[in-house]
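These notes concern the structure reproduced below.
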Amino acid sequence: MGAVDFENFVHELASVSGQAILPFFRTALGVEDKSRGAVFDPVTAADRAAEQAMRTLIRRTFPSHGVRGEEFADESPDADYVWVLDPIDGTKSFIAGMPAWGTLIGLTHEDHPVYGMMHQPFIGERFYGDGAQARYRGPAGDRRLGVRACPALEEAVLMTTSPLLMGEADRALYVEVEKRARLPRYGGDCYAYCMVAAGHVDLVIETNLNEYDILPLIPIVEGAGGLVTNWEGTGDLSGGRVIAAGDRRVLEAALKVLQGG
């Protein structure tokens with residue numbers, strides 16, 4: 001498939017997932033807790049319907065590709081190309097009727113993220129990128145995304161979904177960064193990373209992320225000129241401690257604090 005055909009396919013994945021999700025949004029839908037008594041980890045029929053719809057389309061179009069998703073078992077996880085799906089990133093916002101959630105669609109080649117999209121069907125926004133460039137499509141038009149300059153923590157808009165999701169030690173380190181930031185904000189889930197790519201947020205710091213929470217977002221942030229690393233400053237995100245920034249200077253300043261410097 002050519003580049004244009006591939007991009008159209010990803011947009012089709014976004015459309016079918018949105019069609020599966022929207023009938024459930026702001027309704028009296030049932031919620032299941034996957035945590036089994038630990039920290040509340042909700043899943044809904046909308047999550048499962050959207051992931052199933054995307055998996056069906058991928059199997060039909062790219063039968064040799066693998067799929068890893070949040071709600072169902074892996075399919076051919078050792079394939080050269082593997083799709084990484086999070087049907088609703090921000091399920092807690094979803095069940096609260098808040099629009100700060102999105103569908104994450106990522107593609108890896110030999111375990112390296114090469115394409116990603118965040119789709120918010122209720123608002124009608126799509127953020128997508130391939131690591132070399134990133135674009136926005138939505139009510140505000142169609143445009144290329146780009147991060148903004150931010151030379152210091154004291155000038156940074158900082159986001160995290162919630163410090164309460166962090167362990168005690170990690171939360172203490174995060175708070176030291178927050179104390180220095182110009183404007184800390186909570187919430188957003190995947191939207192926070194897209195706002196880095198769009199040049200509205202300078203820094204996102206989180207912990208306990210899974211592959212499907214972050215891999216689809218990496219090509220968007222990096223395509224817009226940003227950076228995504230772990231708290232040690234390397235590309236290994238398997239531990240779930242993630243930092244994304246639009247400017248290397250603010251990234252390095254935050255990493256120094258997070259590393260106890």
Approximate separation, where rounding is to 0.5 Å, of [X] [atom1] and [Y] [atom2]:
{"X": "Glu70", "Y": "Arg48", "atom1": "CD", "atom2": "CZ", "result": "10.0 Å"}
{"X": "Leu13", "Y": "Thr56", "atom1": "CG", "atom2": "OG1", "result": "10.5 Å"}
{"X": "Phe6", "Y": "Thr61", "atom1": "CZ", "atom2": "OG1", "result": "11.5 Å"}
{"X": "Met195", "Y": "Cys190", "atom1": "CE", "atom2": "SG", "result": "9.5 Å"}
{"X": "Thr229", "Y": "Ile218", "atom1": "OG1", "atom2": "CD1", "result": "10.0 Å"}
{"X": "Ile105", "Y": "Trp83", "atom1": "CD1", "atom2": "CH2", "result": "7.5 Å"}

Within the distance-only criterion (no hydrogens, no angle test), does the side chain of [X] pair as donor or acceptor with the backbone N or O of [Y] below 3.5 angstrom?
{"X": "Asp189", "Y": "Asp89", "value": "no"}
{"X": "Asn208", "Y": "Gly240", "value": "no"}
{"X": "Ser76", "Y": "His65", "value": "no"}
{"X": "Glu206", "Y": "Thr161", "value": "yes"}
{"X": "Asp130", "Y": "Gln133", "value": "yes"}
{"X": "His119", "Y": "Ala14", "value": "yes"}
{"X": "Gln259", "Y": "Trp231", "value": "yes"}
{"X": "Asn210", "Y": "Asp213", "value": "no"}
{"X": "Asp47", "Y": "Thr91", "value": "no"}

Side-chain heavy atoms of [X] within contact of [Y], under 4.5 Å:
{"X": "Val250", "Y": "Pro151", "result": "no"}
{"X": "Met117", "Y": "Leu104", "result": "no"}
{"X": "Arg180", "Y": "Val257", "result": "yes"}
{"X": "Val157", "Y": "Leu203", "result": "no"}
{"X": "Ile243", "Y": "Asn230", "result": "no"}
{"X": "Val177", "Y": "Leu258", "result": "yes"}
{"X": "Arg55", "Y": "Ile58", "result": "no"}
{"X": "Arg241", "Y": "Glu232", "result": "yes"}

Of all the heavy-atom pairs spanning [X] and [Y], show the shortest one and how long it is.
{"X": "Glu71", "Y": "Glu51", "result": "N-OE1, 3.0 Å"}
{"X": "Cys150", "Y": "Ala156", "result": "SG-CA, 3.7 Å"}
{"X": "Ala197", "Y": "Ala224", "result": "O-CB, 3.4 Å"}
{"X": "Leu227", "Y": "Arg248", "result": "CD2-NH2, 2.9 Å"}
{"X": "Pro184", "Y": "Ala181", "result": "CD-O, 4.5 Å"}
{"X": "Val196", "Y": "Gly246", "result": "CG1-N, 3.7 Å"}

Would Arg143 and Tyr136 count as a cation-pi pair here, with the cationic atom under 6.0 angstrom from the ring centre and within 45° of the axis?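 Satisfied, under 6.0 Å and within 45°.
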
Under the criterion side-chain contact (heavy atoms from CB on, under 4.5 Å), I'd like the reasoning laid out for Tyr174 against Leu158: C-alpha separation, chi angles, the key distance, then a yes or no. CA-CA 10 Å; Tyr174 164 79; Leu158 165 67; 3.7 Å; yes

Ring center gap for Phe94 and Phe24 short of 6.0 angstrom: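 Ring-ring flag for Phe94/Phe24: false, centres at least 6.0 Å apart.
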
May I ask you to check whether Tyr128 and His11 place their ring centers less than 6.0 Å from one another?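 Between Tyr128 and His11, the centre distance is under 6.0 Å.
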
Working for ring-ring contact (aromatic ring centres under 6.0 Å, His included), residues Phe25 and Trp101: CA-CA 11 Å; Phe25 186 49; Trp101 53 271; 5.3 Å; yes

Using a strict cut-off of less than 4.0 Å between a Lys/Arg side-chain nitrogen and an Asp/Glu carboxylate oxygen, indicate whether Asp247 and Arg148 qualify as a salt bridge.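 The answer is no: the pair does not qualify as a salt bridge.
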
Test Glu211 against Arg68 for salt bridge (Lys or Arg N to Asp or Glu O under 4.0 Å), laying out the working first. CA-CA 9 Å; Glu211 279 189 332; Arg68 291 200 300 269; 2.9 Å; yes

In terms of side-chain heavy atoms, does Ser15 have a donor or acceptor partner in Arg126 at a distance below 3.5 Å?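 Yes, because at least one side-chain N or O of Ser15 sits under 3.5 Å from a partner of the opposite role on Arg126.
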
If you measure only the distance, is there a donor-acceptor pair under 3.5 Å linking the side chains of Glu125 and Tyr191?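 On atom types as modelled, these side chains qualify, holding a pair under 3.5 Å.
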
For Leu85 and Val67: C-alpha separation, side-chain torsions, deciding distance, then whether side-chain contact (heavy atoms from CB on, under 4.5 Å) applies. CA-CA 8 Å; Leu85 308 174; Val67 181; 3.8 Å; yes

Single-linkage hydrophobic cluster [X]~[Y], side-chain heavy atoms < 4.5 angstrom:
{"X": "Leu215", "Y": "Ile88", "result": "yes"}
{"X": "Leu183", "Y": "Met159", "result": "yes"}
{"X": "Met98", "Y": "Leu22", "result": "no"}
{"X": "Tyr212", "Y": "Leu217", "result": "yes"}
{"X": "Phe9", "Y": "Val82", "result": "no"}

When you look at CZ of Arg26, are more than 12 heavy atoms from neighbouring residues, nucleotides or ligands closer to it than 6.0 Å?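 Check passes, neighbour count above 12.
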
Counting neighbours of CZ on Arg59 that are heavy atoms of other residues, nucleotides or ligands and sit closer than 6.0 Å, is the number greater than 12?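 Counting neighbours around CZ of Arg59, more than 12 heavy atoms of other residues, nucleotides or ligands fall under 6.0 Å, so yes.
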
Test ring-ring contact (aromatic ring centres under 6.0 Å, His included) on Phe127 and Tyr193; report intermediate values, then the result. CA-CA 10 Å; Phe127 300 81; Tyr193 296 88; over 10 Å; no

For a side-chain contact (heavy atoms from CB on, under 4.5 Å) check, start with the C-alpha distance between Lys179 and Glu176, then their side-chain angles and the critical distance, and finish with the verdict. CA-CA 5 Å; Lys179 288 177 181 176; Glu176 291 304 310; 3.1 Å; yes

Verdict with reasoning, Tyr186 to Thr160, per side-chain contact (heavy atoms from CB on, under 4.5 Å): CA-CA 5 Å; Tyr186 299 161; Thr160 190; 3.8 Å; yes

Could you walk me through whether Glu168 and Arg171 pass the salt bridge (Lys or Arg N to Asp or Glu O under 4.0 Å) check? CA-CA 5 Å; Glu168 185 176 348; Arg171 185 165 58 247; 5.6 Å; no

